[in-house]
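Excluded from the calculations below are hydrogen atoms, water molecules and symmetry mates; all remaining heavy atoms, backbone and side chain alike, are included. Note that ligands are numbered from 1 as they come in the structure, with each ligand's atoms numbered from 1 the same way.
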Amino acid sequence: MERIFLKPSEGRLKNHADALTFQSGLCIEALQSPRSQGKIGGFARGFQQKTLRMEEIMSEVFNVEEIFAKNVFTLGKMQQRLTRNAYKEVVKVMNEGGELSMNTANIVAKAMKDWAVENGATHYTHWFQPLTGITAEKHDAFVSHPDELGKMLTEFSGKELIKGEPDASSFPSGGLRATFEARGYTAWDITSPAFLKESGCGTILCIPTAFCSYTGEALDKKTPLLRSMEALSEQALRIVRLFGNTGATKVTASVGPEQEYFLVDKDLYMKRTDLMFAGRTLFGAPAPKGQEMEDHYFGVIRERVGAYMKDLNEELWKLGVTAKTQHNEVAPAQHELAPIYETANIAVDHNQIVMETMKRVAVKHNMRCLLHEKPYAGVNGSGKHDNWSITTDNGVNLLDPGDTPNENVQFLLVLACIMRAVDRHADLLRQSASDVGNDHRLGANEAPPAIISIFLGEQLEDVVTQLIETGEATSVKEGGKLLTGVSTLPDFQKDATDRNRTSPFAFTGNKFEFRMVGSADSIASPNTTLNAIVAEAFCEAADILEKADNKELAIHDLIKKYMTEHQRIIFNGNGYSDEWVAEAERRGLPNIKSMIEAAGTLTTDKAVKLFEKFHIFTKVELESREEIIYETYAKSINIEALTMIDMAGKQIIPAVVRYTKVLADTVNAVKTAGADAATQDEMLQVVGEKLTAMQTALEKLKKAEKEASAMEDAKAQAFFYKDTVRAAMDELRAPADELEMIVDKEYWPIPTYGELMFEI
Ligand code: ADP
Ligand code: MG
C-alpha cells in the first residue's frame, strides 16, 4: 500500500495522523479541496510528490471478501495444500481430539511454512498466553544450516510445529516453578488457526499454543480454558441426550466479546507519564465538559478516529477476525468494536489479536489506544461484554428459548442449571472478571456492581415465577405491538423483554451477556469459569435424571427445585442503585469489592472441588494463581505509586512553586504601587496551603510505598497496597487536582483532561 507522510504541522492536517494511507477519507477530502486542485501533490508539498487521481485512489479501496483471512492458514488453505489423508486427519483431530501422527505433522508443517514464506514470513513463533494476561512470542527464523555451496533451504518440521520449549523462568508461575526449573512447553492448539502477523519485525508465522510447565501444570490462560470447554461439552451432551438428541457429538461454548477502548493523541500521551507507565491518569481535574450531554454515544465518528477504525478493521479482517460493529461509546474519546461470536478458544485468541492490533494501529495514526478499565476519573470506564452461549454440533443453541419458553423443557432445565451454577459460584464468576484496573469499575460508582445477579427479563422471570409457585408455567407474556404513532412508519412486533443495562449477567435473547469483564483483561478466565460452573450443574442434574424412572416428572421436579433454591440470584431492577446493595446483602449474595479480596475464592474447598472434578485446575495450580494475583496487584499499584511520586515531585510541585513566585511578585508589585492586593494575596495563600498539603501527602506516599515494597508475604503486601498505599495516592491526588483548577494554565506541566479527551 502506498503511503504519504505528512508532518502533523502541515497545514490542515495539523490535528490528524502524520501517516495517512492514500485511501483514507482525509486524502480524498484533500483532493477535493480547491487548494489541492485535484492532486494530492500540492497538499503534500515538500514530501513525496504524488499525483494520484481520485479514480486511482478509489480503486485502492479494498474488497472485504478478498482480504478476509488473507493472513490466516485456514482450513480452506489446508485443504488446498495438504494431501487428502493429511487433511482428513487434521479435521478429525480438530473435531474429536487426539494427536496428529508425526508424518502428518510434518506434512502440515511444510505446507504451513511454504504458505507463510510465500507471504513474506521469515520467522515462526509459538504464540501463547502466560499469566500476564497478554500474549508472548519468541521468534525463530526458518533458517537452517547452509550446504557447502552456501545455499540455505528454509525448514520447519512437524516437531517444531507441535511442540516448543521457551525458557519459562521469567513468566509468572506463582511458585509453581523455582527459577532454576525453567522448562516450559508450548503445545499447538490445532483448533485455533495459525496466522501471519505483520509488524516492524516483518512477517511472523504465529502458531497459537498452550503453555505448560515441565511437570505438566498449566502456566497459561489457554490450557484451563480448553479443559473447561471439554468438560462443558461432555456434561452438556448428557443433558441433550435426556431429551433424545442422540445426533449431537459435541457442545461448544461460543463467545462474542464487545471491546471498549479509548484513543488519545500520541503527543499528549507522551507528556503524561501516568498514561505511559500506568495506562491511566493518576492526576487530573475534570474537564468542564464530560459525558453529561450524552452526545458522544453513537455520535458521528470523527475523521481521525474513522481513519483509525478503517485501518483497524482492515488489519483485523486480514487476520480472520470478524470485526463487525463499531461506534462511539459514552465517554468522550471512547469507542467500541465487536466481532461476530465464535468458538470460545478462538474468540479468546482473537480478542488478544484485537487488543494488540488496536494498539499497533493507533501508533500508525499518531495516537495511543488505552485499554485500561478507567483511564480517566469521572467519566465512564471500559469493559468487555462477554456474550456466551452453548450450541450442539447439530445446531441446537441450548440458550434459545423459542417463542414459547414455558413449553421448552430443555431450555428451562438449562436455565435452572445456570441459575444454580451462577448462584453457587457467584464469588468465582466475580473473581474471573477481576483485574487491577477493573477495581475502579466494579462496585465503584459506575457499573456494573461487584454483586453477581442474573437478569432474565419480564417474560422469563414470569415463567420462572409460575414454575416456582405452581409447578407449571401455563402462559407466556408476549411482546405485543410497538406503536410508532407515525402513519408512514411501520408498527412492529416488540421483543417480549426489554434490556437491562445494569445487570452483570443478563440474558439477551439466546445468550448470556457477562458484563463485568474488564476491557484490558483476557477473556479466558471468565469463560473458563463459566464453562466450569455450568458443567458442574449439568453434571449434577444428569446424575439425578439419568437414574430417574419417570424422566419427565423428574425433570419437572428438578427445574422447580433448582429455580426455587436459587431464585435469589435473579434481579431485574436497577443494579446500580444503593437499594440493590442492601437487598443483595439481605439475600446473602456476596459483594466482593476488590480483585485481591476475590483472589481467595479460587482456593476455597468449593472451588478446588469444582475445578479438580473436571480436571480444569489442580489445587496447586489454583494456589499459584491466587499468589500471582497478589503479586500482580502489588506490582501494579507500586508502579502507580512511583509514577505519582515522580510526577508530583518533578512536575507538579515545581510548577506550582514557580507559580507561587509569580503570585508573590505580583502581590509585592501591586502593594508597592499602592493598590489593594487582597485578591492576589488570598490566591497566594490558597495555592500555598494546597502546595503544603501536596508536599505532606507526597512524603506520606513515599513512606507507604517504601514500607510496602519491603514486605515479604504476597497477600499481606497486596492488602497493604490496597488499604494504605492507595489511600495515600488518593490523598496526594486531591490537592493536586484542586491546584490544577486554580493555577495559571501556562504553568500546568501536563495536558489536562479536556485536551486528552477532546483533542482527537
Ligand atoms: P448488543 O448486545 O450490544 O446489542 P449484539 O446483540 O449485536 O450487541 O451482540 C453483541 C455480541 O454478542 C456480538 O459479538 C455478537 O456476535 C455476540 N453474539 C450474538 N449472538 C450470540 C450467541 N448466540 N452467542 C454468543 N455471542 C453472541
Ligand atoms: Mg451488548
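Considering Thr343, Ile346, Asn345, Ile523 as possible partners of Val255, the one that fulfils the side chain to side chain contact (heavy atoms under 4.5 Å, CB included) test is Ile523.
For ligand 1, the atoms lying closer than 4.0 Å to a non-hydrogen atom of Gly256 are 14 (O), 26 (N). The atoms of ligand 1 that sit less than 4.0 Å from any heavy atom of Ser254 are 25 (C). Under a 4.0 Å criterion applied to the non-hydrogen atoms of Ile340, ligand 1 contributes the atoms 16 (O). Every atom of ligand 1 is numbered from 1 in the order shown, and the set under 4.0 Å from a heavy atom of Asn510 is 23 (N).
Of all the listed residues (Ala338, Ala506, Ser389, Pro339), Pro339 holds the heavy atom that lies closest to atom 15 (C) of ligand 1. For atom 19 (C) of ligand 1, the choice among Lys511, Glu513, His327, Arg515 with the nearest heavy atom turns out to be Lys511. Of the candidates Tyr341, Phe512, Trp388, Tyr341 brings a heavy atom nearest to atom 18 (N) of ligand 1.
Taking the side chain to side chain contact (heavy atoms under 4.5 Å, CB included) definition, one finds that Ala136 meets it with Phe128, Pro130, Phe171, sequence neighbours left out. In this structure, Thr246 has no side chain to side chain contact (heavy atoms under 4.5 Å, CB included) partners at least two apart in sequence or on a different chain.
Scanning both residues, Asn591 and Ala450, for their nearest heavy atoms gives OD1-CB, 3.7 Å.
In this structure, Asn438 contributes its side chain and Met516 its backbone to a donor-acceptor pair below 3.5 Å.
Under the 30°/60° scheme for interplanar angles, the aromatic rings of His372 and His440 are found to be tilted.
Heavy atoms of Glu258 found under 4.0 angstrom from ligand 1 belong exclusively to the side chain.
The closest approach between a heavy atom of Lys324 and any atom of ligand 1 is not below 4.0 Å.
For the residue pair Arg420 / His566, a side-chain donor-acceptor distance below 3.5 Å is found, with atom types taken as modelled.
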